[in-house]
2 protein chains.
Amino acid sequence: MAKMKKAPRPKAQTPKGFRDYFGAEVTKRSEMLSKIAAVYHHYGFDALETSAVETVEALGKFLPDVDRPNEGVFAWEEDGDWLALRYDMTAPLARVYAQFRNDLPTPYRRYAMGPVWRNEKPGPGRFRQFYQCDADTVGAPSVAADAEICAMLADTLETVGIDRGDYIVRVNNRKVLNGVMEVAGLAGDDKEAERGIVLRAIDKLDRLGEGGVRALLGAGREDESGDFTKGAGLGDEQATIVMGFMSAKRDTGDATVARLLELVQGSNTGTDGVRELETIGELLDAQGYNADRIEIDPSVVRGLGYYTGPVYEAELTFEVTDEKGRPRNFGSVSGGGRYDDLVKRFTGQEVPATGVSIGVDRLLAALDAKGRLSKAGIGPVVVTVMDRARMADYQAMVAELRNNGIRAEVYLGNPKNFGNQLKYADARNSPIAVIAGGDEFDAGKVQIKDLVLGAEIAKNATLEEWKDRPSQVEVARGDLVAKVREILAGQGK
Amino acid sequence: MAKMKKAPRPKAQTPKGFRDYFGAEVTKRSEMLSKIAAVYHHYGFDALETSAVETVEALGKFLPDVDRPNEGVFAWEEDGDWLALRYDMTAPLARVYAQFRNDLPTPYRRYAMGPVWRNEKPGPGRFRQFYQCDADTVGAPSVAADAEICAMLADTLETVGIDRGDYIVRVNNRKVLNGVMEVAGLAGDDKEAERGIVLRAIDKLDRLGEGGVRALLGAGREDESGDFTKGAGLGDEQATIVMGFMSAKRDTGDATVARLLELVQGSNTGTDGVRELETIGELLDAQGYNADRIEIDPSVVRGLGYYTGPVYEAELTFEVTDEKGRPRNFGSVSGGGRYDDLVKRFTGQEVPATGVSIGVDRLLAALDAKGRLSKAGIGPVVVTVMDRARMADYQAMVAELRNNGIRAEVYLGNPKNFGNQLKYADARNSPIAVIAGGDEFDAGKVQIKDLVLGAEIAKNATLEEWKDRPSQVEVARGDLVAKVREILAGQGK
């Protein structure tokens, strides 16, 4: 047999655009998602975990975002079928509802949390696998379902740690916008492209300002880099109507509703839409969700093409510093709305649905900025190893600590160099090291080193002082647990 | 433009071998995993969540199980790179350790929980996506690391709800087996195939019994269907040595160790292995883990080829009834061992590692069989809708219930047919329905229907009695929350 050529070593790397999450990154996210799940459950929503893999046929191959029609999914062929990783939680929900509709309650309230995958160009802070956390109600035509999700969104934000006053849930209605388009002469199938451009232009109000949006409504806009984006080609009067819609927000919901009614005069769709907003406002008021938490805001349109009625988004209103050091509002962390066509793809039957998606990483970043995440990575108490032959004794100590509710571990590396053991404890962010050698065992004692205090002393001590640091105490072996507890309490941990 | 042919409707189906998880299936698993994570964390292990997608190069293309060398992964080509879904948690750990070894503590204790994907032929109860829950210690050559994982495994089982006495953690050592093979004349590179067959034969002791294993050690074995499996071709004397190893277990660990030392006499590897088992026993005794929880059992070999030292598995010893109605032990729910070569693939350097994997679905099934899972799906209180125009009032009720800690929802379907609302409440497994129409609103009252009691009465009542069932009471609107609480308490929920 010919000798096989030795294969080169594989590269130890995640694929481009993917990353790993370590320790507190995992547990903080998981804590936040548990809190969110509890709120959703409290509202009567049930968990659903779909398979990560779907047929391309069921998924629809591309993202529904009309801004990025060529962005795709990770797909492959398997025994003649094309399979793909889910790119969001909504497409699988539509498949599940179509598949199991006879067994599911109607309306069906469900929540879903987990990773989704997008075959997009990766960039800084932009990954090809990330978490989504969705709640949707399928089969409920009433805007009471939309109101409920807005209320739930407010509760969710407060539950995870965003104070009232630091967020606002904004509600709008696509029908109002469609009404405005009608009034502006943009109704009809032949104007679909223009309406798409208008929609996306409005969605960029935050970023481009009124001037930029106005340019996109007209001939088009050149950005700083010289790139030109073609506009909707609206005349001045038309553009003024659309711009008027975006600035229709008044001090109270009632005043905003009145202003919107004026703007959509003559359009039945538009009037319906405003009435729906009015109803949502009433329903929320009845539950005690007032304008300090949820408000009608006509500038919210949400980019996705598939929304058909109410749309909503949650914005965090506190300031953070952006990458250029300028203060700015934290911005949107969640959004959603009503969509009625997704299930129809499968069954031919239109099924009303409304739902919200929370940007998990954005919300985590917000909680981090507010100092609302549990303190990261307090390490375990480390029982060091002075005498390899006494491993059973060290294991007994560590078991005793653990049985008394204290996170603890024994040092399992090569014990020869004791300095390495302390370095290890340091790398583990360990609060305490337990030390015992032959002398201690003979005397029935154990040394306990307060690593937090030790680090503070070390900062201000000479080498001489360091040798006899008071941060280390000797206690009877039987007092191990009590002393460790006392020191941990003193460290506030 | 030519008219596009209308595409047929997509099928609403998961791909073959994949499934969805609903409601309590999701939350029960998630509760169990949280408890396991807490035990792992308590032992000083840190969470790690790797990307679901790896390069095929980093992953190694196939499963390391030599029994199924052709079983594969889900893989696809992306910009010239071959990517694949992870098939276990160990291969990604090896990649992570090789990639981040300079930043990670050594030893590195980590746990990982999540789905893995296998491109295998699906079958009943055999899915292509399932959960794994692993804990591994990388960089610790000492068998103290193996002992620690065995202790942690025992703690984990008790924490999730398996009583002491209902499980046993069995420990063995590959070196002992290798020693036995040496003694039986199966050492040397040219005997690798035979050793592999012996290993897999021993692993089937549970299923095939001694006769079946003996046949596989010799010429081979014909199963009931007539399929023939080629054996290792061992002579009688050789086979007797191997069989002696499998039945070497004695009443105490010390006696088993003594018996094993006899069996491996003349083999250094074998003697080392037995001494390691002895040390593991001592370390566990020192921590209070005695033979009622963890024992040395030479019949445990674990099928995977990559183990190099201690191997361990947890068996649940209580009886369940199998699909044919026969009582049998529940069997293995977890296993693992020491492997030293996985990181070497990347770095050229041998890194000692040991770890355990819990079969999440098996353990859940066991907890279910023991009645240890939280009661499934108690639904929300359903506030029904008698008068669509009063939706705000119903929403106010439901908000009040929720604000008082009661899971509740308003009926959001078409309210026209009231019977459908009660059917819905039934499908939701709802404990209580709240009912209010014009009369109730005028009188400041609300009807509260105990659906649990109602169902019991309905079983034993005629239609006449049913009409005026005492399970429904009228209370003042202001007493809504108090009365609902009282009824829930009476239902024991």
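Numbered from 1 within each chain, the chains take letters A, B, ... in sequence-line order. All values below were derived from every heavy atom in this structure, side-chain atoms included, with hydrogens, water molecules and symmetry-related copies excluded.
Your options are B:Pro141, B:Ala392, B:Gly413, B:Gly288, and the one with the most heavy-atom pairs under 4.5 Å with chain A is B:Ala392. Contact count versus chain A (heavy atoms, under 4.5 Å) is highest, among B:Ala140, B:Ser34, B:Gly23, for B:Gly23. Interface check for chain A: of the options B:Arg109, B:Gln129, B:Arg345, B:Glu54, the most heavy-atom pairs under 4.5 Å are formed by B:Arg109. Ranking B:Ala147, B:Ala427, B:Ala408 against chain A, the residue ahead of the rest is B:Ala408, based on heavy-atom pairs under 4.5 Å. Between chain B and the residues A:Leu284, A:Thr137, A:Val410, the largest count of heavy-atom pairs under 4.5 Å involves A:Val410. Chain B forms the most heavy-atom pairs under 4.5 Å with one residue out of A:Gly405, A:Ser142, A:Gly114, and that residue is A:Gly405. Listed options B:Glu25, B:Met391, B:Glu78, B:Glu282 were ranked by heavy-atom pairs under 4.5 angstrom with chain A; first place goes to B:Glu78. Contacts with chain B were tallied for A:Val343, A:Thr347, A:Thr279, A:Asp155; A:Thr347 has the most, counting heavy-atom pairs under 4.5 Å. Of the listed residues (A:Pro92, A:Ala286, A:Pro15), the one with the most heavy-atom contacts under 4.5 Å to chain B is A:Pro15. Chain A forms more heavy-atom pairs under 4.5 Å with one residue of B:His41, B:Glu77, B:Glu148 than with any other, namely B:His41. With respect to chain B, the highest number of heavy-atom pairs below 4.5 Å among A:Ala94, A:Pro352, A:Gly348 belongs to A:Gly348.
Relative ring orientation between A:Phe22 and B:Phe100 is described as perpendicular, the plane-to-plane angle rising above 60° on a 0-90° scale split at 30° and 60°.
Proximity to chain A involves both the backbone and the side chain of B:Tyr43, based on heavy atoms less than 4.5 angstrom apart. Interface residue A:Leu85: only side-chain heavy atoms are found under 4.5 Å from chain B. For A:Arg388, no part lies under 4.5 angstrom from a heavy atom of chain B. Residue contact with chain A, scored on non-hydrogen atoms closer than 4.5 Å, involves the backbone and the side chain of B:Gln287 alike. With a threshold of 4.5 angstrom between heavy atoms, B:Ala98 approaches chain A through its backbone and through its side chain. Neither the backbone nor the side chain of A:Pro115 comes within contact range of chain B; no heavy atom of the residue lies under 4.5 Å from a heavy atom of that chain. In this structure, chain B has no heavy atom under 4.5 Å from any part of A:Tyr40. Both the backbone and the side chain of A:Glu57 come within less than 4.5 Å of a heavy atom in chain B. For B:Tyr108, the part lying under 4.5 angstrom from a heavy atom of chain A is the side chain only. Heavy atoms closer than 4.5 Å to chain B are found nowhere in A:Ser430, neither backbone nor side chain. Proximity to chain B (any heavy atom under 4.5 Å) is shown, for A:Val382, by neither the backbone nor the side chain. For A:Ala144, the parts lying near chain B are the backbone and the side chain together; criterion is any non-hydrogen pair under 4.5 Å. Using a 4.5 Å cut-off between heavy atoms, A:Pro10 contacts chain B through both its backbone and its side chain. Using a 4.5 Å cut-off between heavy atoms, B:Val381 does not touch chain A at all. If you measure heavy-atom distances from A:Leu48 to chain B, the contacts under 4.5 Å come from both the backbone and the side chain. Proximity to chain B (any heavy atom under 4.5 Å) is shown, for A:Ala52, by both the backbone and the side chain.
The closest side-chain heavy-atom distance from A:Phe45 to B:Pro380 is not below 4.5 Å.
Against chain A, the residues from residues 393-400 of chain B that qualify, each with a non-hydrogen atom under 4.5 angstrom away, are B:Gln395, B:Ala396, B:Ala399 in number order.
Taking CZ of A:Arg402 as the start and CE of B:Met152 as the end, the distance is 8.5 Å to the nearest 0.5 Å. Here B:Ile406 contributes atom CD1 and A:His42 contributes atom NE2; the two are 8.0 Å apart, rounded to the nearest 0.5 Å. Residue A:Asp146 holds its CG atom at 9.5 Å from CG of B:Leu412, rounded to the nearest 0.5 Å. Taking NZ from A:Lys11 and CG from B:Asp81, the interatomic distance works out to 8.0 Å, rounded to the nearest 0.5 Å. For the atom pair B:Lys423 NZ and A:Thr106 OG1, the distance stands at 12.5 Å (nearest 0.5 Å). In this structure, OG1 on A:Thr55 lies 8.0 Å from CD on B:Gln13, to the nearest 0.5 angstrom.
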Going through the checks in order, is the salt bridge (charged side-chain N to carboxylate O under 4.0 Å, His left out) test met by A:Arg95 and B:Asp20? CA-CA 11 Å; A:Arg95 192 264 304 154; B:Asp20 305 307; 2.7 Å; yes
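In terms of heavy-atom proximity, A:Ala75 sits nearest to B:Trp76 at O-CB, 3.8 Å. Shown here for B:Pro107 and A:Tyr411, the closest heavy-atom pair between the two residues is CD-CE1, 4.2 Å.
Of the possible donor and acceptor atoms, none in the side chain of B:Arg128 sits under 3.5 Å from a partner among the backbone N and O of A:Val53.
Under the salt bridge (Lys or Arg N to Asp or Glu O under 4.0 Å) criterion, B:Arg29 pairs with A:Glu49, sequence neighbours left out.
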